[in-house]
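What you see is a predicted model; the values in this text were computed from it and never measured. Reminder, nothing fancy here: chain letters follow the sequence lines and each chain counts from 1.
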There are 2 protein chains.
Amino acid sequence: MQRRSDQSAATLVADPPEAEVSPRRPPAGRVKSAEIRDILEQEIATGERHAGERLDEQAVAARFGVSRTPVREAINQLASAGLVALIPNRGAFVRETGLGELVEMFEVMAELEAMAGRLAARRVDPKRRVQLAEALAACQSAAERNESDAYYYENERFHEAIYDACGNGFLAAEARRLHQRLKAFRRLQLRVPHRMRQSLAEHRRIVAAIEAGDGETAEAELKSHILVQGERFADLVASLKPKQG
Amino acid sequence: MQRRSDQSAATLVADPPEAEVSPRRPPAGRVKSAEIRDILEQEIATGERHAGERLDEQAVAARFGVSRTPVREAINQLASAGLVALIPNRGAFVRETGLGELVEMFEVMAELEAMAGRLAARRVDPKRRVQLAEALAACQSAAERNESDAYYYENERFHEAIYDACGNGFLAAEARRLHQRLKAFRRLQLRVPHRMRQSLAEHRRIVAAIEAGDGETAEAELKSHILVQGERFADLVASLKPKQG
DNA sequence: TGCCCGAATATCGTATACAATTTCCTTGAC
DNA sequence: GTCAAGGAAATTGTATACGATATTCGGGCA
């Protein structure tokens, strides 16, 4: 009965529902709760949903043309991710990721990355070492062409390579999670002028330390590398909204 | 049927609009999903549910005499915690939290705790300092009475005090999350004999370093403190199930 | 006028029913 | 005898309904 084909009221369809020739592929976009979660997550990250706003289950359900059930699941997942706060009989509220908390997140990110670098210097195997060198080369190539978008992408790959090389799968997963969460905010600092060249130099020192098996140096370099990003970001945000709130 | 008023259902951070500390108790009634989640969590931790086993929603629902809805919520929370893997239209499968991954988790936990200690040594304010001292005193009291259960509880409080004292709310939340996840496994090592006295001595050194503002020492002591726990735990597990099938 | 108590309202948690997809078994053809 | 195709059974995902509980507003009483 609920052959709900009126998707006009909702931006629910991210990819064509015609999954005709891909029966083996994992159904990425078919589960509505995941779809709703992703959309809400993006809206929160971009600030479209301002802090403190209440996410009304019924309203969200009506907006996407679904029932409360998938909305509930989506909101619960957002709560687990720390993006919204659940107050028992009051509803779900968008948590304000203020500048202070962002700095805190960068601080933790720096520690995790530094740990990954320290472990990588001790445990890296030849295959991962090659991948790391390749990722560094790709960064350098992008920097020489002065393409900040490409550098942004290769930078992601570089840090992924470090995660992979650390030999601690759990740490890698946690680092990826945090990286993903900070990603939305990091986009803003894409076009800081001399940052790219400086970042590349830091990458070189990091790789050199890992290659040399010098865990202490790799740790220190990586921590500084991330903390600098956090500070730059804080400056940027502070300059963008000087009298926020 | 001991009613555990464990409020660790979700991230109930009091952050939204005018969310002051709510003196009203959480849904201390019976939230069935939380209860089911706790039981399943413990079963998975103890190995009662072996790795790869499928968690049948109807079976669990029938077992607890509830409908599938709270079971689904519980399973989703377990998935968020990383204890089970969700395959879209196939079901939930118990992830094998092998000894290797547990060691990895303790490694990360050690790093986060050490970071918290380092920051606490620099940033702790008088009020938190008093709380830390009180937590240490409570630990000592429990140790003198040789009550391991009480010590276990006070130990939790002690580490909570360190999280609070670090001045980084995000780090504190992440540390609590990991601590919570490891808690299920840590239950097993309650009664390791001389561990309590040794742990207390380590606590004393940690507090002394924080009081002295010596971040480096606090960091090193805490890291060692957690890593020792991880090693003890690994020994225990290894001795418990040598050929876990 | 202020406080307490109770009903109305809203929201959450759970139960039940239905739809969609996957898996497995049966059956038929080569 | 083996393999493939189709359908039935099973299981997940979603919809709708209902009960329980907390919040709020209004009225009565001190």
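Protein atom CD of Glu73(B) is 13 Å distant from nucleotide atom P of dT14(D), rounded to whole Å. Between Arg37(B) atom CZ and dT14(C) atom C1' there is a gap of 17 Å when expressed in whole angstrom units. For the pair Arg72(A) CZ and dA15(D) P, the computed distance is 14 Å after rounding to whole Å. Spacing between atom CZ of Phe93(B) and atom P of dT22(C) amounts to 14 Å, rounded to whole angstrom units. Atoms CD1 (Ile75(A)) and C1' (dC12(C)) sit 12 Å apart, rounded to a whole Å. Taking atom CD of Glu57(A) as the reference point, atom C1' of dA15(D) lies 14 Å away to the nearest angstrom. The distance from atom CD1 of Ile36(B) to atom C1' of dA15(C) is 13 Å, rounded to the nearest whole Å. When rounded to the nearest whole Å, the span between CG of Asn76(A) and P of dT14(D) equals 14 Å.
Look at Gln58(B) and you won't find any side-chain N or O under 4.0 angstrom from OP1 or OP2 of dA10(D). Side-chain nitrogen and oxygen atoms of Arg68(B) include none within less than 4.0 Å of the OP1 or OP2 phosphate oxygen of dT12(D). Taking only side-chain nitrogens and oxygens, Thr69(B) never comes nearer than 4.0 Å to OP1 or OP2 of dT14(C). The side chain of Arg54(A) contributes an N or O atom lying less than 4.0 Å from OP1 or OP2 of dT11(C).
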Quick test: give all pairs of protein nitrogen or oxygen and nucleotides 23-25 of chain C nitrogen or oxygen below 3.5 Å, distance rounded to 0.1 Å.
from	atom 1	to	atom 2	distance (Å)
dT23(C)	OP1	Arg90(B)	NE	3.2
dT23(C)	OP1	Arg90(B)	NH1	2.9

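To the nearest 0.5 Å, atoms SG (Cys166(A)) and CD1 (Ile162(A)) are separated by 10.0 Å.
The salt bridge (Lys or Arg N to Asp or Glu O under 4.0 Å) with Arg176(A) is formed by just one residue from the set Glu160(A), Glu113(A), Glu156(A); it is Glu160(A).
Taking the charged nitrogens against the carboxylate oxygens, Glu104(A) and Arg123(B) have no contact shorter than 4.0 Å, which rules out a salt bridge. No salt bridge links Arg181(B) with Glu174(A); every basic N to acidic carboxylate O contact stays at or beyond 4.0 Å. Salt-bridge annotation for Asp164(B) and Arg157(B): absent, with no side-chain N of the basic residue lying under 4.0 Å from a carboxylate O of the acidic one.
The aromatic rings of His179(A) and Tyr163(A) sit perpendicular to each other, their planes meeting at more than 60°, with 30° as the lower class boundary. Ring geometry for His203(B) against Tyr151(B) counts as parallel: the plane angle stays under 30°, on a 0 to 90° scale with 60° as the upper cut.
Closest to the side chain of Lys32(A), from the set dA15(C), dT11(D), dT14(D), is dT14(D).
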